[in-house]
Amino acid sequence: MRMATLVALAAAGTASAQITNGSFETGTLTGWTAGGTGRVQVISATGVNPSITPFDGSYFAVLSTGPGNAGGSATSLDGQGGSNDYDLATLQQTFTLTTAPAGLQVAVMFLTSEGDQGAAFDDLFDVTINEAPLFRHSVLKNVTGASPWPDFGPYDNTQYLFTAPGPIQNTQIRGGAGNGRTEWYSTCVTLATPGNYTLRFRVADQGDATFDSALAVDAVAVPACTPQTAQVTVSAGWTVELKGGGLEARPTQSREVAAGENPPSYVFISSGNLTGDNPGAVEQVYFWSGGTLQRLTAASGGSFSHPAVTSNGRFVVFASNANLTGGNTDGNWEIFRVDRTTLTTVQVTSTTAPCQNRFPVVAGDGTGTPVVFVSNCGHGTFTNPDGNDEIVAWNGTTFAGTSTSSCQNYAPSVSRSTGQFVAFVSTCNIGGTNPDGNPEIYRWDRTANTFQAITTTSGAIFNDTPAISASGAAIAFISNGNFAGGNGDGGYELFFWPSGTIRQLSAGPATEAYIMARLTDDGAWAVGERLDFLSGTFTARYFATATSNQPGVGMAAAPTPLAPTVSRNGAVLYAAWQSDQNPLGSNADGNYEIFRYGPATGPPRYLLCAAPNAAIPDNSPTGVTSTVSAPAGWGVVTDVDVWLLITHPRVGDLNAFLTSPAGTTRQLMNRLTNGSGGCQGDNVDAMLDDEATGNVQVQCGNLPAVSGFFYPFQALSAFDGQTSPGTWQLRVEDRANGQTGTLERWCLALTVQ
């Protein structure tokens, strides 16, 4: 979990709390307190040039690090280089929640001038609730930024100048590659318990006080978070082509949608004139985020298939026979990649008919590699003399893949965090594991170049459409096999492999069949496309992967949802699909359009916090302990995250452990860095989360030494499947002489089923 890690997830109830002026429709900061440099202002769409449409209503708030050097004391938000953050502006409001649970909605947009600058200039922002981080992000750039906070972007490369009179007037956001603004990003979280809450927004320059960044805020509301279905595309008309000696008329359509997760975004193919610059109804690839569409290709003809996108929405890949870069004059089916930060298109493959390249997927938020695809061609040193369908991976310079003959490999899915693992279907006898040639699910470890058979079946058993988690540790797929003893009728069901035993997720009659599986990056949710043989209709249903044999939950207002995709951002589940139906009254012509559904609340996610403010004994294995208690009725654990706030002048002295009510203990930190105890930085303010991409064991900044989202020394997934009620204990040790510190606060975020 990322964005909404420190709140409870439950059905939002009626709340008596009310955010004052949450959409800033007074045109002022009434109800809010500005701090830091005080460079905070409410503006309308025309208060900036070019104008920016508010998320809702007529106004939104902007926290700015400018114009220019805004002054104020230097500080360090993320622990990199000591006091190296400047021009800090803050905005906050305290409210009282008397009835819980209640949903909290926040919409943000980040603007920056630092996307094309060096690593040291990694401007950043955060959003906290009672100091616990909901968002912590820095600039997405081509180089690895200095901040350990996760990147946020991409940007539209446009220059912005704030013109409205007030504290932020003349703040300038530089244009060019990597600069500009993101789209609006909206998230919903649910507060579980009554009490006082302080919601705080912050933005700061990192490394300099020259180039500006800004955080836009809108639509802050309690209660909020109602699941919704929306139509993403609206197209009309027909395309008329001369084909086969006659005229062929085809309706414009939008199809094959794939999802990014951070921020929620979609990429798809459409022949519609969606952005006003495709009047010829030529197929193009489009990107949607925050309500804004962007055309990524400028094809004059040809066709496209199977778009895919990195988790952060930066890199988009697809197959096409169009000549997009001048390198495909023969019109062969090739793989292309678009970098949305630099607006550059790369032709990954260069081959000639009759061989083809299809079904690409992509990993690597910062690099856009590997790109994995199906090909019966040879590529450089990767030869394919028999022209078999192989799974091929491009690492940016070279190609590697499977080497088989007289069989098929297809349907790849790549682990999007690192690209190390690829799941795919094969009828090949890879490593002697499939002598009968059944379609089986395999996992390729690209680092070790080894192949693991996830399924080993025989007879009339078919396994298909694997979807792999971002870490590569979990795979969802569909099958008519009876892996867990719950599919005796041989129906096509949705299954889940979490690094071990296969679990059956869905349970339905033989008159229904799941024909497609999709999985969120964290592996917590799967979506299946279900065909009802009796009615001939399709439905999309989502499943918590921690539970077996479920009916699943149907997506709202979703008749005949074809080829659904799913993503999860923090505590919010999103889905999208294509459909020719008219659920919202805006698709009367029956063209295929893209629909989306979100947010859908997941299983209950509770926040338990303690503020012991307790001294950590010097060089003592006993350390200091603090506990929180989960009440009866909370159910089985499906995910655990821990937030730590510790003051200590040398964090390399520290160990931290979490123990569940069942007595299971996992070590969160081990004498940073890497167990040596050598880190002499001060303080810890960090979220420990199995789904994070950074390793806490290699962190050592300063003020605080550890800040951001990191995976712990030992995986918290060991708690999954345990009952949550009872006492959870945190223990923090100091294991070296001479320095002492304090366990100030900590929070346990429990997702339960």
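Only heavy atoms go into these numbers, but all of them, side chains included; no hydrogens, no water, no symmetry mates. Counting from 1, the numbers follow the sequence of the chain as shown.
- A donor-acceptor pair shorter than 3.5 Å can be found between the side chains of Ser426 and Asn409.
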Checklist entry - Can you list the steps and then say if His648 with Asn683 is a side chain to side chain donor-acceptor pair (under 3.5 Å)? => result CA-CA 5 Å; His648 195 288; Asn683 306 341; over 6 Å; no

Item to check | Candidate pair Thr665 and Thr659, rule side chain to side chain donor-acceptor pair (under 3.5 Å), full reasoning | outcome: CA-CA 4 Å; Thr665 297; Thr659 301; 2.7 Å; yes

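- Annotation: Trp149 is not in aromatic contact with Phe135 [ring centroid separation under 6.0 Å not met].
- The aromatic ring centres of Phe495 and Phe483 sit less than 6.0 Å apart.
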Item to check | Pair Phe424-Trp444, side chain to side chain contact (heavy atoms under 4.5 Å, CB included): steps then yes or no | outcome: CA-CA 8 Å; Phe424 63 98; Trp444 174 24; 3.9 Å; yes

Checklist entry - Where do Ile461 and Ser458 land on the side chain to side chain contact (heavy atoms under 4.5 Å, CB included) test, with the steps shown first? => result CA-CA 6 Å; Ile461 303 299; Ser458 60; over 6 Å; no

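- The closest side-chain donor-acceptor pair between Glu440 and Thr455 falls under 3.5 angstrom.
- Under a 3.5 Å cut-off, the side chain of Thr742 and the backbone N or O of Glu744 do not form any donor-acceptor pair.
- Residues Asp641 and Leu750 form no side-chain contact, since every pair of their non-hydrogen atoms from C-beta on lies 4.5 Å or further apart.
- Inter-residue side-chain proximity for Leu672 and Cys700 is flagged as unmet; no heavy-atom pair is nearer than 4.5 Å.
- The pair Asp521-Arg416 meets the salt-bridge criterion, with a side-chain N (NZ, NE, NH1 or NH2) lying under 4.0 Å from an Asp/Glu carboxylate O.
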Checklist entry - Where do Glu493 and Asn480 land on the side chain to side chain donor-acceptor pair (under 3.5 Å) test, with the steps shown first? => result CA-CA 6 Å; Glu493 302 286 359; Asn480 62 340; over 6 Å; no

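- Within 6.0 Å of the CZ atom in Phe359, the count of heavy atoms belonging to other residues, nucleotides or ligands does not exceed 12.
- Annotation for Ser626 and Pro612: closest pair OG-CG, 3.7 Å, computed over non-hydrogen atoms.
- One finds the CG atom of Asp690 at 14.5 Å from the CZ atom of Phe710 (value rounded to the nearest 0.5 Å).
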Checklist entry - Do Leu645 and Val684 pass the side chain to side chain contact (heavy atoms under 4.5 Å, CB included) test, and can you show the C-alpha distance, the side-chain angles, and the key distance before you say yes or no? => result CA-CA 5 Å; Leu645 183 62; Val684 176; over 6 Å; no

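- Using a 4.5 Å heavy-atom threshold, the side chains of Pro704 and Asp685 count as touching.
- Using modelled atom types and a 3.5 Å distance limit, the side chains of Glu261 and Thr520 yield no donor-acceptor pair.
- For the atom pair Ser147 OG and Phe152 CZ, the distance stands at 14.0 Å (nearest 0.5 Å).
- Judged by distance alone, with hydrogens and angles left aside, the side-chain atoms of Thr545 form a donor-acceptor pair with the main-chain N or O of Ala524 at under 3.5 Å.
- Asp365 places a side-chain N or O within donor-acceptor distance of the main-chain N or O of Asn312, the cut-off being under 3.5 Å.
- Thr457 pairs in a side chain to side chain donor-acceptor pair (under 3.5 Å) with only one of the listed residues (Asn434, Asn482, Asn463), which is Asn463.
- Using a 4.5 Å heavy-atom threshold, the side chains of Cys609 and Trp643 count as separate.
- Atom-to-atom distance recorded for Arg731:CZ and Thr622:OG1 is 8.0 Å, nearest 0.5 angstrom.
- Across every non-hydrogen atom of Ile475 and Ala423, the tightest pair is CD1-CB, 3.9 Å.
- At least one donor-acceptor pair under 3.5 Å links the side chain of Asn695 to the backbone N or O of Gln697.
- Of the N and O atoms on the side chains of Gln420 and Asp445, at least one donor lies less than 3.5 Å from an acceptor on the other residue.
- Residues Ala692 and Tyr711 approach most closely at O-CD2, 3.5 Å, considering heavy atoms.
- Under a 3.5 Å cut-off, the side chain of Asn670 and the backbone N or O of Phe713 do not form any donor-acceptor pair.
- With rounding to the nearest 0.5 angstrom, the SG atom of Cys679 is 11.0 Å from the CG atom of Asn674.
- Scanning all heavy atoms of the two residues, the minimum distance from Gly472 to Ser415 falls at N-CB, 3.6 Å.
- The only option from Val425, Ile468, Ile502 that meets the side-chain contact (heavy atoms from CB on, under 4.5 Å) definition with Phe477 turns out to be Ile502.
- Ion pair Asp522/Arg568 flagged as a salt bridge, since at least one NZ, NE, NH1 or NH2 atom sits closer than 4.0 Å to an Asp/Glu carboxylate oxygen.
- For the pair Phe462/Ser479, no side-chain contact is recorded, criterion being any heavy-atom separation below 4.5 Å from C-beta on.
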Item to check | Intermediate values then yes/no, ring pair (Phe, Tyr, Trp, His ring centres under 6.0 Å), Phe496 and Phe543 | outcome: CA-CA 10 Å; Phe496 183 66; Phe543 299 81; over 10 Å; no

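- The two residues His137 and Asp151 make their nearest non-hydrogen contact at ND1-O, 3.4 Å.
- Looking at Leu730 and Val732, their side chains come closer than 4.5 Å, going by heavy atoms from C-beta outward.
- In this model, no donor atom of one side chain and acceptor atom of the other lie less than 3.5 Å apart for Gln729 and Thr625.
- Using modelled atom types, one side-chain atom of Gln667 and one backbone atom of Met669 make a donor-acceptor pair closer than 3.5 Å.
- Judged by distance alone, the side chain of Arg671 and the main-chain N or O of Gly652 form a donor-acceptor pair under 3.5 Å.
- Residue Ala363 comes nearest to Gly419 through the heavy atom pair CB-CA, 3.7 Å, listed as atom of the first residue, atom of the second, then distance.
- Using modelled atom types and a 3.5 Å distance limit, the side chains of Arg518 and Thr565 yield no donor-acceptor pair.
- Using modelled atom types, no side-chain atom of Thr433 and backbone atom of Ala453 make a donor-acceptor pair closer than 3.5 Å.
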Next on the checklist: side chain to side chain contact (heavy atoms under 4.5 Å, CB included) for Ser548 and Gln504? Distances and angles first, verdict last.
Outcome noted: CA-CA 5 Å; Ser548 302; Gln504 184 175 329; 5.6 Å; no

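- If you check the side chains of Thr465 and Tyr514, you find no donor sitting under 3.5 Å from an acceptor.
- Taken to the nearest 0.5 Å, the CG atom of Leu748 stands 5.5 Å off from the CG atom of Leu608.
- A donor-acceptor pair is defined here as one N or O able to donate and one able to accept, closer than 3.5 Å; no such pair exists between the side chain of Asp464 and the backbone of Ile478.
- For the pair Arg136 (side chain) and Thr128 (backbone), a donor-acceptor distance under 3.5 Å is absent.
- Between Val642 and Leu668 there is a side-chain heavy-atom pair separated by less than 4.5 Å.
- Considering only heavy atoms from C-beta on, Val422 stays 4.5 Å or farther from Ser413 through its side chain.
- Looking at Trp728 and Thr627, their side chains never bring a donor and an acceptor atom within 3.5 Å of each other.
- With rounding to the nearest 0.5 angstrom, the CD atom of Gln550 is 10.5 Å from the CZ atom of Arg541.
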